[in-house]
2 protein chains.
Amino acid sequence: MDDNDQPAPPLPSTRTPGATRKGVETRARIIRGALEALESGGMETLTTRKIAASAGVKLATLHYYFDSKENLLLAVLEDLIADMAEAYRQDMSMPSDPEERIEALIRSMWRYVQRTRNKQLAQTELTLYALRTQGAEWLAARQYNAYIDFYCRLVFHGMGELTEEQRKIGTAIARFMLIGIDGLILQNFALHNNGDTNEGVETLVIATRDLLHRLRSEAGIQPG
Amino acid sequence: MDDNDQPAPPLPSTRTPGATRKGVETRARIIRGALEALESGGMETLTTRKIAASAGVKLATLHYYFDSKENLLLAVLEDLIADMAEAYRQDMSMPSDPEERIEALIRSMWRYVQRTRNKQLAQTELTLYALRTQGAEWLAARQYNAYIDFYCRLVFHGMGELTEEQRKIGTAIARFMLIGIDGLILQNFALHNNGDTNEGVETLVIATRDLLHRLRSEAGIQPG
DNA sequence: GTCTATATGGGGATAGAC
DNA sequence: GTCTATCCCCATATAGAC
């Protein structure tokens, strides 16, 4: 995975009951319901009642699967991490040159962000929530490292193994891309002014490609 | 100020009573108390009771100055915007070359962010809150535009008036810097791994300087 | 595993004395 | 302008039948 390795203790008490087929489905429905309610109303107005309603489940059922609201929310965040990889692969063209991959990846991310504005807001809120929740900070870190690892691989391969050199360069690239995307998300949220934000995307593409150049010449150039 | 101009209706009902000297002070104490409580515990655990306690005021007094928790929180966000300019000027060296100013400004921002981690978290939470609050979205936009305007001026002058050309270039630069800083803040929060984040700062400095070059040669070069 | 019904506490907000 | 005391709702969580 990555350098700053996480202890990643299992989520405290998500209470995984029987694991019946039906049980697993219901659990998933509740998580989806929570995400929907969060996307539509934000953290401030998010209640277990709304979540239950949105999931088509009674309040008590929710508590049968998640012993506390907190653990439910952390489960939602975990789920978002898992979804991410799937989502990006959808519309990504896959050039062979890493430089062009960077560009394709950034544009793909940005399209995804734009068509899932509320989901991004929800994810940002959940990440902050995790950072504020005693003993859940590691989840935020895991989320970030998952993104970094994912982008890193996508820059170089279709998903295979990386050389040490590639991993190092790719990680730096991925970190910078992620910085840019997160910043773009916030700015786009606040200004909801897509024209200006698109300029930011172009600038990020150029800056990231330049970074790749720099890192490669520092190492001794060879192509992807 | 900027292109996407805000209507900026006054905050609905902050109930500005008499405006006695003492009243103004108490109001300020409550805002500070709210910020402190927010910094230490986050939105999720922020209650009017904690705010009142943190401000050394009784709950009813809080409601004498702010008719609702919502309006109090929005007032806190407004206050943060006003503080910002003050804070940055503190430790900024002021080179005459815009390129070096960019570097100095980014480093200054980053120092400030690092020594006020919790304040940044609080501000991010408040911004998201505003984005989620019906009729308060403009506050988030105003905040962003205030930052952009501020950085833009700082890149070129000690604070004086700008030519149209400078304003245009400066705004693009400021937007990109802000994207980078926001992304850095989130990444640093999540990974709290300052070593790696500092690399991101270096990359941002280089990228922003390059952006300045590019914008200038697109326009017809002339220095600061 | 899912429900109805309920316990319990804490939250925002107000009344009215000083 | 600040306080004490209180209202009342709604949130999380549980008990226990089905």
Side-chain angles (χ1 to χ4, degrees), chain A residues 11-34 37-38 40-76 125-126 129 132-134 136, chain B residues 11-34 37-38 40-76 125-126 129 132-134 136:
Chain A
L11 285 176
S13 41
T14 300
R15 186 191 296 173
T16 314
T20 333
R21 182 144 45 267
K22 207 209 290 190
V24 174
E25 275 170 23
T26 306
R27 196 188 128 97
R29 282 234 314 289
I30 294 171
I31 289 180
R32 275 200 306 275
L38 183 57
S40 78
M43 266 284 176
E44 195 69 10
T45 65
L46 185 67
T47 68
T48 51
R49 287 176 149 85
K50 279 188 194 164
I51 294 173
S54 166
V57 158
K58 294 300 173 184
L59 182 57
T61 303
L62 184 154
H63 275 100
Y64 175 76
Y65 286 94
F66 301 92
D67 64 346
S68 72
K69 183 187 179 183
E70 173 179 325
N71 285 318
L72 167 53
L73 292 183
L74 298 181
V76 174
E125 288 189 284
L126 277 177
Y129 173 77
R132 289 296 205 180
T133 302
Q134 262 295 3
Chain B
L11 284 176
S13 42
T14 300
R15 186 191 295 174
T16 314
T20 333
R21 181 144 49 266
K22 207 208 291 191
V24 174
E25 274 170 24
T26 307
R27 196 187 128 99
R29 280 232 316 287
I30 294 172
I31 290 181
R32 275 200 307 275
L38 183 56
S40 77
M43 267 284 176
E44 195 70 10
T45 65
L46 185 68
T47 68
T48 50
R49 288 176 150 83
K50 279 188 195 165
I51 295 172
S54 165
V57 158
K58 294 300 172 183
L59 182 56
T61 303
L62 184 155
H63 274 100
Y64 176 76
Y65 286 93
F66 300 92
D67 64 347
S68 71
K69 183 187 178 184
E70 173 179 326
N71 285 319
L72 167 53
L73 293 183
L74 298 180
V76 174
E125 288 190 282
L126 277 177
Y129 172 78
R132 289 296 203 182
T133 301
Q134 264 294 4

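Chain A is the first sequence line, chain B the second, and so forth, proteins listed ahead of strands; every chain is numbered from 1.
Residues B:L73 and B:L46 form a side-chain contact, since some pair of their non-hydrogen atoms from C-beta on lies under 4.5 Å apart. Looking only at side-chain heavy atoms (C-beta outward), A:R132 and B:E125 come within less than 4.5 Å of each other. No side-chain heavy atom of A:K58 sits less than 4.5 Å from a side-chain heavy atom of A:H63.
Between the A:R27 side chain and the A:Y65 main chain, no donor and acceptor come within less than 3.5 Å of each other. Under the 3.5 Å distance criterion, the side-chain polar atoms of A:T45 are matched with a main-chain donor or acceptor of A:G41.
Between the CG atom of B:L73 and the C1' atom of C:dA13 there is a distance of 15 Å, given to the nearest Å. For B:K69 and D:dC10, the NZ to C1' distance is 13 Å, given to the nearest whole Å. For the pair B:K58 NZ and C:dC18 P, the computed distance is 18 Å after rounding to whole Å. Residue B:L59 contributes atom CG, which lies 18 Å from atom P of D:dG1 at whole-angstrom precision. Atoms CG (B:L62) and P (C:dG11) sit 14 Å apart, rounded to a whole Å. Look at CZ on B:R29: it is 14 Å from C1' on D:dC3, rounded to the nearest Å. The OH-P distance, from B:Y64 to D:dT2, rounds to 8 Å in whole Å.
For D:dT2, the OP1/OP2 oxygens have a side-chain nitrogen or oxygen of B:Y65 closer than 4.0 Å. Using a 4.0 Å cut-off, no side-chain N or O of B:T48 falls inside it from OP1 or OP2 of C:dG11. Contact annotation: A:T20 reaches the phosphate of C:dG1 (side-chain N/O to OP1 or OP2, under 4.0 Å). One finds no side-chain N or O of A:H63 lying less than 4.0 angstrom from the OP1 or OP2 phosphate oxygen of D:dT14. Listed pair A:T26 / C:dT2 meets the phosphate criterion, a side-chain N or O lying under 4.0 Å from OP1 or OP2. For the pair B:T61 and D:dG1, the criterion of a side-chain N or O lying under 4.0 Å from OP1 or OP2 is not met.
Across residues 49-57 of chain B, B:R49 each have a non-hydrogen atom less than 4.0 Å from an atom of DNA chain C (numbered order).
Under the side chain to side chain contact (heavy atoms under 4.5 Å, CB included) criterion, B:T133 pairs with B:E70, B:Y129, B:A136, sequence neighbours left out. The side chain to side chain contact (heavy atoms under 4.5 Å, CB included) search around B:T47 returns B:R49, B:K50, not counting sequence neighbours.
Of the residues near DNA chain D, A:L46 and A:A60, the one whose nearest nucleotide (by heavy atom distance) lies more toward the 5' end is A:L46.
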